Amino acid sequence: MAGPDVNPRELAEDQEALRKSLIKNVGVEGVEFKDIVCLSHFTMNIRMVDKFGEGRGFVTGDAGHVHSPTGGQGMNSGIQDSFNLGWKLALVAKGIAPRSLLDTYTEERIPVIAEMLNETTKILTKATNSNFGEDTWGRDGTLLQLGVNYRWSSIVVDEQGAEGAEDGTHITAYGNLDGKLKAGDRAPDAPGLVQHKPASRATIRLFDLFNPAHHTVLLFSTSGGNEHAEVVQSLARYPEGTIQFVIVTRMGSTQSGMEGEGVDFVVEDGAGSASAAYGAAVAQGCSIAIIRPDGVVGAFVTGTQGVHRYFKGILLERAAFAAA
């Protein structure tokens, strides 16, 4: 029980006082509470670690942060912790990524969890200091967690100019729903894509292509020419099986010459949804989007130099990998 006129510690020690308080707060006549079998005083715990990893040890979920039941953010936050760590740990364990990649787990998740604790504590304070009107349970879209982002992360690359990555001076890690897609944001879906390679003419969506075992490089073809060849060549520098390459063509455009080696998928933006989701970045000249295994936009870049700038912090090149 909680509320402006409730003392949980006293009620936990006095069953008769608890019955009276329950009857008063239920607000329904004729309700009777008999023997209360189990009674205890529950104390809210709100805390978090100051880093999520040290040496060979890492924590995720409830091992790293605890918040009040208000908001219902625990399970999804723990899953996000694990996913953020998991893909990085897999690459490092395979010896194909620098050890420094693991440091970004703390860098990216600490601001998110800190803001989550602030948001859920605000709801707790509101609930325990009010008379439980409709406004007590009001929520905005923040707690849907669709705005959780890593825009400030050191491994995020955004070449959208003034619209690009943030410098970390003002971090809104939990609720960036400003309508501007930036590197570090959750990668949006795009349904209604027509698959041309592998040849099937099937209707798929970007979420069918994103893969927790790979990075996905999206090239939004603007000319229908041979612009993909340079990207194929640049991706060949990285360990096999770590990156899949997808070309997204405009609705009704030709896919001729795009079926060569190094291109995993060619899809046509049959419903215009890919353009709607990613078109603002493409208009800024960033025709290449790199989607991380955890479904986050790792980079928006204008060309292969930007591709290498991003992967420099993520993957060892084949030459270095072979030498190791």
Side-chain angles (χ1 to χ4, degrees), residues 44-53 58-88 102-130 135-158 160 163-189 207 210 212 277-278 280-281 289 291-300:
M44 298 290 184
N45 287 288
I46 302 166
R47 59 185 185 271
M48 62 182 289
V49 295
D50 59 359
K51 55 183 175 181
F52 281 167
F58 299 89
V59 294
T60 68
D62 290 350
H65 44 86
V66 182
H67 64 89
S68 74
T70 53
Q73 303 292 283
M75 182 183 72
N76 283 342
S77 296
I79 291 171
Q80 290 168 15
D81 290 345
S82 300
F83 209 161
N84 187 290
L85 173 63
W87 71 268
K88 298 170 182 177
L102 296 177
D103 296 335
T104 67
Y105 170 46
T106 287
E107 177 191 352
E108 292 185 341
R109 291 303 294 169
I110 285 287
V112 174
I113 297 305
E115 194 165 334
M116 183 268 285
L117 292 183
N118 287 335
E119 291 297 322
T120 54
T121 302
K122 287 178 186 177
I123 298 172
L124 172 65
T125 302
K126 190 175 183 181
T128 55
N129 291 284
S130 71
D135 185 56
T136 304
W137 306 110
R139 304 287 186 271
D140 59 20
T142 301
L143 297 185
L144 296 175
Q145 300 192 349
L146 298 178
V148 170
N149 68 93
Y150 311 124
R151 292 182 177 184
W152 66 91
S153 172
S154 63
I155 57 171
V156 162
V157 176
D158 200 317
Q160 294 183 77
E163 294 297 318
E166 299 176 359
D167 60 9
T169 57
H170 179 69
I171 294 175
T172 305
Y174 213 73
N176 257 319
L177 297 171
D178 56 14
K180 299 175 181 178
L181 182 61
K182 298 183 180 182
D185 290 350
R186 172 181 177 271
D189 193 12
F207 279 4
F210 296 162
Y278 295 85
I291 313 303
R292 305 184 340 180
D294 57 358
V296 170
V297 180
F300 276 124

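As the structure is a prediction and not an experimental result, all values here were calculated from the model.
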- Keeping the roles fixed (side chain from D294, backbone from N84), state whether a donor-acceptor pair exists under 3.5 Å. no
- Query: Hey, mind stepping through N118 and K122 against side-chain hydrogen bond (donor to acceptor under 3.5 Å, both in side chains) and telling me if it holds?
  - Reply: CA-CA 6 Å; N118 287 335; K122 287 178 186 177; over 6 Å; no
- Message: Quick check against the 3.5 Å criterion: does N76 have a side-chain atom that pairs as donor or acceptor with the backbone of L144?
- Response: no
- Is the side chain of E107 donor-acceptor paired with the backbone N or O of S153 at a distance under 3.5 Å, no angle test? no
- Message: Quick check against the 3.5 Å criterion: does T60 have a side-chain atom that pairs as donor or acceptor with the backbone of G78?
- Response: no
- Report the distance from atom CG of L117 to atom OH of Y174, rounding to the nearest 0.5 Å. 9.0 Å
- Task: Would you give the length of the straight line joining atom CG of L124 to atom CE of M44, rounded to the nearest 0.5 angstrom?
- Result: 5.0 Å
- Query: Donor-acceptor pair, T70 side chain versus T120 backbone, under 3.5 Å?
  - Reply: yes
- Who pairs with Y278 by side-chain hydrogen bond (donor to acceptor under 3.5 Å, both in side chains), at least two apart in sequence or on another chain? none
- Item | Polar side-chain atom of E108 near backbone of Y150 as donor-acceptor pair, under 3.5 Å | no
- Find the distance between CD1 (I110) and NZ (K51) and round it off to the nearest 0.5 Å. 10.5 Å
- Looking at side-chain heavy atoms only, is the closest gap between V156 and R151 below 4.5 Å? no
- Query: Do you know the tightest heavy-atom contact between V49 and V59?
  - Reply: CG2-CG2, 4.3 Å
- Query: Just by distance, do the side chain of H67 and the backbone of G74 share a donor-acceptor pair under 3.5 Å?
  - Reply: yes
- Message: For the CD atom of Q80 and the CD1 atom of I113, what is their distance to the nearest 0.5 Å?
- Response: 7.5 Å
- Task: Look at atom CG of D62 and say whether more than 12 heavy atoms of other residues, nucleotides or ligands are closer to it than 6.0 Å.
- Result: no
- Query: Are any side-chain N or O atoms of R109 and backbone N or O atoms of S82, one a donor and one an acceptor, separated by less than 3.5 Å?
  - Reply: no
- What's the spacing between L85 CG and L102 CG if we round to 0.5 Å? 7.0 Å
- Output the distance between atom CZ (F300) and atom CG (L181), rounded to the nearest 0.5 Å. 4.0 Å
